[in-house]
*Asks:* 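I have a structure I would like to understand better, so I am pasting it below and will then ask my questions one at a time.
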Amino acid sequence: MAFLDYVANEYEVKLSNRAKSSFYKNKERDLAIIALLLASGVRLSEAVNLDLKDVNLNMMVIEVTRKGGKRDSVNVAAFAKPYLENYLAIRSHRYHAEKTDTAFFLSLYRGVANRMDASSIEKMVGKYSEDFKIRVTPHKLRHTLATRLYDATKSQVLVSHQLGHASTQVTDLYTHIVNDEQKNALDKL
């Protein structure tokens with residue numbers, strides 16, 4: 001959430017006027033992408049392939065195609081709703097979207113709307129993280145959601161289901177992170 005706040009409120013301070021223009025053009029979309037990744041833990045490919053029909057903001061659920069082509073409903077944390085709504089409010093006008101443009105996240109190239117691709121999202125997230133000690137990636141945002149969800153629930157099953165893992169073994173990684181934090185906290189006592 002601090003990353004979202006930074007992008008929304010602090011990032012533009014360091015920009016030139018020309019860079020600010022580009023930032024303002026895509027600010028709502030970029031914040032919506034980051035919020036969705038942080039609030040759902042979906043893979044980058046799942047976010048890229050998201051269509052308008054896959055997003056239900058009333059229920060805060062998205063339908064994604066998981067690895068292996070399986071469709072799945074994914075819950076989205078409530079904090080993402082205003083970011084997604086703000087983006088949807090400007091999507092059609094700002095990105096010149098036609099009824100045939102079904103992609104949820106759009107970019108504009110030479111006046112034509114296009115589905116955002118994975119490399120563009122990776123570059124966008126990386127650009128916003130340049131002021132941090134660690135480079136943020138879409139996968140790190142997924143990892144953040146998993147760690148926070150495990151910390152809140154202590155349930156590998158819930159984390160595994162949220163991330164679309166076939167088993168809880170993959171989720172062991174997040175358990176170890178929380179255990180390391182616990183050990184570090186104990187060492188400071």
Side-chain angles (χ1 to χ4, degrees), residues 1-58 60-65 74-98 101-149 162-163:
M1 306 266 247
F3 188 52
L4 275 171
D5 289 338
Y6 170 77
V7 173
N9 303 311
E10 297 174 42
Y11 178 77
E12 68 188 79
V13 172
K14 68 176 196 151
L15 300 177
S16 67
N17 286 339
R18 185 174 177 189
K20 279 182 185 177
S21 172
S22 176
F23 170 71
Y24 293 141
K25 185 175 86 176
N26 295 309
K27 182 177 181 179
E28 292 88 355
R29 182 203 62 200
D30 294 355
L31 284 166
I33 292 170
I34 293 167
L36 181 72
L37 294 171
L38 274 171
S40 67
V42 293
R43 293 175 180 91
L44 176 57
S45 62
E46 294 164 353
V48 165
N49 292 319
L50 205 60
D51 285 333
L52 284 170
K53 68 177 175 41
D54 299 327
V55 179
N56 182 335
L57 291 182
N58 291 328
M60 286 307 286
V61 172
I62 57 175
E63 297 289 325
V64 298
T65 303
V74 178
N75 291 313
V76 179
F79 73 81
K81 189 172 187 172
Y83 297 104
L84 295 167
E85 288 174 336
N86 289 343
Y87 167 67
L88 282 174
I90 58 94
R91 178 187 172 276
S92 294
H93 176 71
R94 191 158 315 152
Y95 296 97
H96 306 180
E98 303 289 334
D101 294 314
T102 60
F104 190 76
F105 293 116
L106 296 174
S107 64
L108 192 61
Y109 181 70
R110 295 187 175 174
V112 178
N114 293 291
R115 180 182 297 271
M116 285 282 293
D117 62 24
S119 66
S120 296
I121 293 175
E122 283 182 336
K123 287 176 190 167
M124 177 267 296
V125 172
K127 169 185 77 174
Y128 290 128
S129 71
E130 286 173 357
D131 289 346
F132 291 82
K133 289 179 180 138
I134 184 167
R135 187 174 195 281
V136 179
T137 64
H139 190 75
K140 283 192 176 130
L141 297 177
R142 174 176 164 83
H143 200 284
T144 299
L145 176 274
T147 303
R148 292 180 71 207
L149 185 59
Q162 182 70 30
L163 298 181

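Keep in mind the model is a prediction, meaning the values are calculated, not measured. Positions are given from 1 along the sequence.
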*Asks:* About how many Å separate OG of Ser129 and OH of Tyr11, when rounded to the nearest 0.5 Å?
*Replies:* 9.5 Å
*Asks:* Quick one, His96 with Leu108, criterion side chain to side chain contact (heavy atoms under 4.5 Å, CB included). Give me CA distance, side-chain angles, the key distance, then yes/no.
*Replies:* CA-CA 8 Å; His96 306 180; Leu108 192 61; 4.0 Å; yes
*Asks:* Determine whether a donor-acceptor pair (N or O, by modelled atom type, separation under 3.5 Å) exists between the side chain of Asn49 and the backbone of Ser45.
*Replies:* yes
*Asks:* Would you sort out whether Asp30 and Phe23 count as a side chain to side chain contact (heavy atoms under 4.5 Å, CB included), showing the intermediate values?
*Replies:* CA-CA 9 Å; Asp30 294 355; Phe23 170 71; 5.5 Å; no
*Asks:* Could you tell me whether the side chain of Val61 reaches within less than 4.5 Å of the side chain of Asn75, counting heavy atoms only?
*Replies:* yes
*Asks:* Start with the C-alpha distance between Leu31 and Asn86, add both sets of side-chain angles, then the distance that settles side chain to side chain contact (heavy atoms under 4.5 Å, CB included), and finish with yes or no.
*Replies:* CA-CA 9 Å; Leu31 284 166; Asn86 289 343; over 6 Å; no
*Asks:* Strictly below 4.0 Å, N to O, side chains only: are Lys14 and Asp131 in salt-bridge contact?
*Replies:* yes
*Asks:* Between Tyr6 and Tyr128, which heavy-atom pair has the shortest distance, and what is it?
*Replies:* CE2-O, 3.3 Å
*Asks:* I'd like to check Ile62 versus Asn56 (side-chain heavy atoms, cut-off strictly below 4.5 Å). Are they in contact?
*Replies:* no
*Asks:* Return the CG to CD distance between Asp117 and Glu122, rounded to the nearest 0.5 Å.
*Replies:* 9.5 Å
*Asks:* Would you please test Ile134 and Lys140 for side chain to side chain contact (heavy atoms under 4.5 Å, CB included) and show each step?
*Replies:* CA-CA 10 Å; Ile134 184 167; Lys140 283 192 176 130; 3.8 Å; yes
*Asks:* Atom OG1 in Thr144, atom CG in Leu37: separation rounded to 0.5 Å?
*Replies:* 10.5 Å
*Asks:* What's the shortest heavy-atom distance between Glu46 and Thr65, and which atoms?
*Replies:* CG-O, 3.5 Å
*Asks:* Work out which heavy atom in Asp101 is nearest to a heavy atom in Leu52; give both atom names and the distance.
*Replies:* O-CD1, 4.1 Å
*Asks:* Under 3.5 Å, is there a donor-acceptor pair between the Tyr95 and Asn26 side chains?
*Replies:* yes
*Asks:* Tell me, do Tyr83 and Ile33 make a side-chain contact under 4.5 Å, heavy atoms counted?
*Replies:* no
*Asks:* Any salt bridge between Arg115 and Asp51, counting N to O under 4.0 Å?
*Replies:* yes
*Asks:* Nearest 0.5 Å please: distance from the CG atom of Asp5 over to the CD atom of Glu10.
*Replies:* 8.0 Å
*Asks:* Working to the nearest 0.5 Å, report the span between CD of Glu98 and CG of Leu106.
*Replies:* 11.0 Å
*Asks:* Of all the heavy-atom pairs spanning Met116 and Ile121, show the shortest one and how long it is.
*Replies:* CE-CG1, 3.6 Å
*Asks:* Is there a side-chain contact between Arg135 and Glu130 (heavy atoms, below 4.5 Å)?
*Replies:* no
*Asks:* Given side chains that start at C-beta, do those of Val48 and Phe105 come closer than 4.5 Å, heavy atoms only?
*Replies:* no
*Asks:* If I compare all heavy atoms of Leu84 with all of Leu57, which pair ends up nearest, and what's the gap?
*Replies:* CD1-CD2, 3.7 Å
*Asks:* Closest heavy-atom contact between Ala32 and Tyr87?
*Replies:* CB-CB, 3.6 Å
*Asks:* Rounded to the nearest 0.5 Å, what separates atom OG in Ser107 from atom NZ in Lys25?
*Replies:* 9.0 Å
*Asks:* Report yes if the side chains of Val64 and Asp54 come closer than 4.5 Å at any heavy-atom pair, otherwise no.
*Replies:* no
*Asks:* Check the surroundings of atom NZ in Lys127: do more than 12 heavy atoms from other residues, nucleotides or ligands lie under 6.0 Å from it?
*Replies:* yes
*Asks:* Please determine whether a side-chain nitrogen of the Lys or Arg among Glu28 and Arg91 lies less than 4.0 Å from a carboxylate oxygen of the Asp or Glu.
*Replies:* no
*Asks:* Between Lys81 and Met60 (side chain of the first, backbone of the second, donor and acceptor by atom type, cut-off under 3.5 Å), is there such a pair?
*Replies:* no
*Asks:* Does the distance from a Lys or Arg side-chain N to an Asp or Glu carboxylate O, for Glu63 and Lys53, drop under 4.0 Å?
*Replies:* no
